[in-house]
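As the structure lists them, so they are numbered: ligands from 1, and atoms in each ligand from 1. Computed from a predicted structure; not experimentally measured. Atom set for the values below is all heavy atoms of this structure, side chains included, hydrogens, waters and symmetry mates excluded.
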Amino acid sequence: MAIVKEAYDTLESIVGSEYISDDPIICEGYRAGPGGYECGLGYERVMAQIPGAVILPQTTEQVQKIVKVCIRYKVPYVPYGTGFLGPRSHPHVPNALIIHLKRMTHFEIDEKHFYAVVGPGIIYSQLQEEAMKRGAYVVVGGGGCQVSVVANLIGDGWSPLSHRIGLPHRRILGTEIVLPDGELVKMGSLAYGDDPFWGDGIGPDLRGLLRGYTGLRGCLGIVTKMALKLIPFQPERLIPTGISPDTGLQLPEKRIKWINYQMPSKEAQIKAMFEICKAEIGGAVTKVPLFWRAIAKAECKEEFWNLWGKENEDTIKNFHILRILLIGYTSEEQMQYDENVLNDIMKEVGAKARPTKPTDESWIKNADSAGMWLMCGSYISVDFVIETLEHAIPHGEYYAELKNKYTPPLMPDYRDPGWFQSFELGHQGYSEFLVYWDQDEDTTGVDHFYVETSKMNIRNRFYTALLGPMQPLYLTGPAYGPNYHKWLLAIKDEFDPHWLCHPPVPLAHDEFVERAEWMKPIKDWESPKIFPKSKGNLN
Ligand SMILES: Cc1cc2nc3c(=O)[nH]c(=O)nc-3n(C[C@H](O)[C@H](O)[C@H](O)COP(=O)(O)OP(=O)(O)OC[C@H]3O[C@@H](n4cnc5c(N)ncnc54)[C@H](O)[C@@H]3O)c2cc1C
């Protein structure tokens with residue numbers, strides 16, 4: 001069903017008839033799935049809706065006008081980058097307007113001060129290519145380079161390269177955002193001039209309005225322009241190789257090199273991580289889930305299962321791999337120095353280097369997202385936490401224990417404690433736990449597991465990144481902060497009193513639990529009847 005005609009006509013007068021549509025076939029094309037992130041889960045089945053119309057603005061002024069029309073006609077709307085976040089980036093209410101930002105392709109690079117200014121239509125491959133031509137680089141999310149830089153930086157923004165490169169919220173510089181009331185807010189140095197070089201700006205640092213460790217998933221306005229920091233890289237070209245889908249970047253081995261180490265024990269793995277951080281070497285230091293090796297080797301689903309199906313708890317128990325990226329940022333000699341230090345550390349802990357391909361398929365500029373779902377059809381990352389290394393390591397072990405109770409329907413990973421790595425040369429640690437399932441099976445166990453992970457975090461005093469939009473807010477809010485939820489909802493009420501900007505985020509997971517009968521047995525926390533407006537429930 002489309003949005004009301006009067007609203008549609010007014011919106012059309014803003015962008016022209018070519019850039020708006022309520023054609024059911026076009027709208028169907030914006031359906032979440034099939035396949036991919038969170039595919040087939042209860043959340044997708046219950047919450048994701050086909051939009052009533054889609055609009056493609058080109059300028060910030062057009063975005064402001066669109067938002068004001070939405071307020072006048074009470075049309076719910078959703079800012080949309082590339083839609084990679086599955087149901088989370090699609091409407092949750094009927095007759096919503098998707099504001100697809102792909103025509104907003106503003107792009108500048110300041111070579112002298114190493115920053116870029118991008119519109120939300122710019123994707124990482126474009127930015128990374130331009131950055132690398134100038135001896136700079138940025139972090140690209142693990143899902144690949146095909147996503148909006150802005151959407152990633154306000155929502156996520158990390159990878160193994162975060163070992164060296166600062167956290168995403170530190171790399172966001174001058175930014176502009178259209179608030180849910182249609183007003184334009186400029187942050188950082190843009191608050192008092194046209195030069196976006198600085199993120200802090202005068203007065204309070206408003207970057208906290210965009211994100212915490214993770215982001216608000218589009219429920220508090222639309223970012224229309226952002227400056228971000230570029231990081232000095234090395235000058236040699238990385239050459240594209242292979243034939244799709246088996247592609248990669250050939251690395252200039254004297255300046256960039258991946259090395260995989262077989263570690264004798266988990267203790268050795270952890271000790272080496274700390275020592276590498278202390279020595280301040282390397283461009284990435286990460287332990288990744290073991291089944292990624294099977295994904296990397298397999299060319300199809302059958303081959304994946306032939307490889308991974310041979311493993312069991314005993315075979316993987318003593319298998320510890322540490323993956324290191326060396327970068328000669330300043331010279332070949334500097335990289336040689338890093339490698340010598342690394343060899344000393346690895347010799348001391350008894351690690352062995354394994355042959356490693358001199359290419360990069362994932363982390364620097366490629367899009368390997370298709371392979372992410374290869375083994376089962378569906379995937380989600382449960383938690384992605386930036387805390388300390390001391391936090392990251394036991395966090396994965398607790399996850400492995402809980403996950404075991406829900407396998408199947410989860411894909412077996414034989415208690416592998418997931419992905420953990422250092423951030424910012426060990427000043428921070430990261431843990432992420434990926435789960436896979438077959439969307440054609442009963443997914444109740446996956447829906448339960450997802451929420452139970454939050455309860456596990458609260459019980460065991462782990463931090464979580466999924467405060468707010470990606471877990472029930474009334475479950476996590478009282479435990480963290482405390483009363484994080486009250487603050488978040490008060491801000492939402494203030495700026496979006498009609499709850500039109502991606503409703504009911506940040507209460508979407510609460511709403512899902514209310515609506516899905518099968519979630520009732522595990523709902524053991526208090527929440528008021530919350531949607532559509534939270535006001536009056538914040539006592
Ligand atoms: C398989 C997979 C692996 C991933 N691995 C990583 C990883 O390792 N590291 C990492 O950092 N990320 C990772 N991600 C997250 C991914 O990079 C983000 O989903 C991506 O940044 C979203 O980009 P998008 O352009 O598709 O945004 P969308 O999916 O379209 O939008 C994401 C959210 O942001 C909102 N939004 C979009 N644009 C704007 C805007 N301009 N203003 C306000 N709100 C907006 C949307 O409403 C939505 O809620 C992964 C995701 C997947 C699916």
Side-chain angles (χ1 to χ4, degrees), residues 30 32-33 35-39 47-48 51 57 60 63 67 76-92 96-102 104 106 118-124 138-162 165 167-169 171 175-180 209-211 213-226 286 288-289 292 295 362-363 367-374 378-381 384 386 419 421 423 430 432 434-436 465 468-470 501-503 505-506 508:
Y30 282 84
Y37 199 70
E38 221 167 344
C39 170
M47 299 302 288
T60 301
V63 172
V67 167
Y77 59 91
V78 180
Y80 188 93
T82 70
F84 194 48
L85 217 49
R88 304 277 165 182
S89 36
H90 290 75
H92 293 343
L97 177 72
I98 279 192
I99 305 181
H100 193 169
L101 302 159
K102 74 172 178 183
M104 302 190 67
H106 179 93
V118 298
I122 294 293
I123 60 168
Y124 269 120
V138 291
V139 167
V140 167
C145 262
Q146 75 290 348
V147 298
S148 158
V149 175
V150 167
N152 180 257
L153 269 173
I154 60 178
D156 310 285
W158 40 73
S159 88
L161 303 191
S162 304
I165 293 182
L167 291 176
H169 38 282
R171 287 181 277 119
T175 295
E176 59 175 42
I177 179 171
V178 175
L179 289 176
L209 203 64
L210 295 175
R211 61 171 300 153
Y213 274 134
T214 48
L216 281 168
R217 306 295 179 213
C219 76
L220 206 64
I222 304 179
V223 174
T224 47
K225 198 193 277 185
M226 177 183 283
T286 186
V288 293
W292 280 13
I295 299 178
S362 304
W363 302 113
D368 65 349
S369 51
M372 289 242 174
W373 348 106
L374 178 73
S378 303
Y379 147 80
I380 190 171
S381 274
F384 12 93
I386 302 157
W419 172 7
Q421 65 158 88
F423 267 24
Y430 181 74
E432 176 168 336
L434 302 90
V435 299
Y436 296 80
M470 294 185 79
C501 188
H502 205 350
V505 182

Tell me which one of [options] gets a heavy atom nearest to [atom].
atom: atom 33 (C) of ligand 1; options: K102, R217, E38; answer: R217
atom: atom 1 (C) of ligand 1; options: Y379, Y37, Y124; answer: Y379
atom: atom 19 (O) of ligand 1; options: L216, L85, V149; answer: L85
atom: atom 7 (C) of ligand 1; options: G221, P160, G142; answer: G142
atom: atom 46 (C) of ligand 1; options: G141, S89, P79, A508; answer: P79
atom: atom 39 (C) of ligand 1; options: I177, L220, V505, I154; answer: I154

Hey, are the side chains of [X] and [Y] touching, using non-hydrogen atoms and a 4.5 Å cut-off?
X: Y124; Y: L153; answer: yes
X: P168; Y: W158; answer: yes
X: C501; Y: Y77; answer: yes

Does ligand 1 have an atom under 4.0 Å from some heavy atom of [X]?
X: G157; value: yes
X: F384; value: no
X: S159; value: no
X: G86; value: no

Legend entry - Derivation of the side chain to side chain contact (heavy atoms under 4.5 Å, CB included) call for L101 and V150: CA-CA 10 Å; L101 302 159; V150 167; over 6 Å; no
Inset, instruction - Go through the structure and list residues passing salt bridge (Lys or Arg N to Asp or Glu O under 4.0 Å) with E432, not counting sequence neighbours. - result: none
Legend entry - Minimal non-hydrogen separation, C145 against I123, with atom names: O-CB, 3.8 Å
Inset, instruction - Could you tell me if the ring centre of Y430 sits under 6.0 Å from that of W419? - result: yes
Inset, instruction - Output all residues satisfying ring-ring contact (aromatic ring centres under 6.0 Å, His included) with H92, sequence neighbours left out; order by chain, then residue number. - result: Y43, H502
Residue [X] vicinity, atoms of ligand 1 by number, heavy atom under 4.0 Å:
X: G143; value: 2 (C), 3 (C), 4 (C), 5 (N), 6 (C)
X: I222; value: 42 (N), 43 (C)
X: R88; value: 49 (O)
X: T82; value: 24 (P), 25 (O), 26 (O), 27 (O), 30 (O)
X: L101; value: 40 (C), 41 (N)
X: V150; value: 41 (N)

Compute the shortest N/O to N/O distance between [X] and ligand 1 and return yes if it is under 3.5 Å, no if not.
X: N152; result: yes
X: V223; result: yes
X: F84; result: yes
X: G81; result: yes
X: P120; result: no
X: W158; result: yes
X: S148; result: yes

Donor-acceptor contact present, side-chain [X] to main-chain [Y], <3.5 Å:
X: S148; Y: T82; result: no
X: T286; Y: Q421; result: no
X: R211; Y: Y213; result: yes

Legend entry - Spatial distance of atom CG (L85) from atom CE (M470) [nearest 0.5 Å]: 5.0 Å
Legend entry - Between CZ on residue F384 and CG on residue D156, distance to nearest 0.5 Å: 5.5 Å
Inset, instruction - Please work out whether the ring planes of W292 and W363 are parallel, tilted or perpendicular, with thresholds of 30° and 60°. - result: tilted
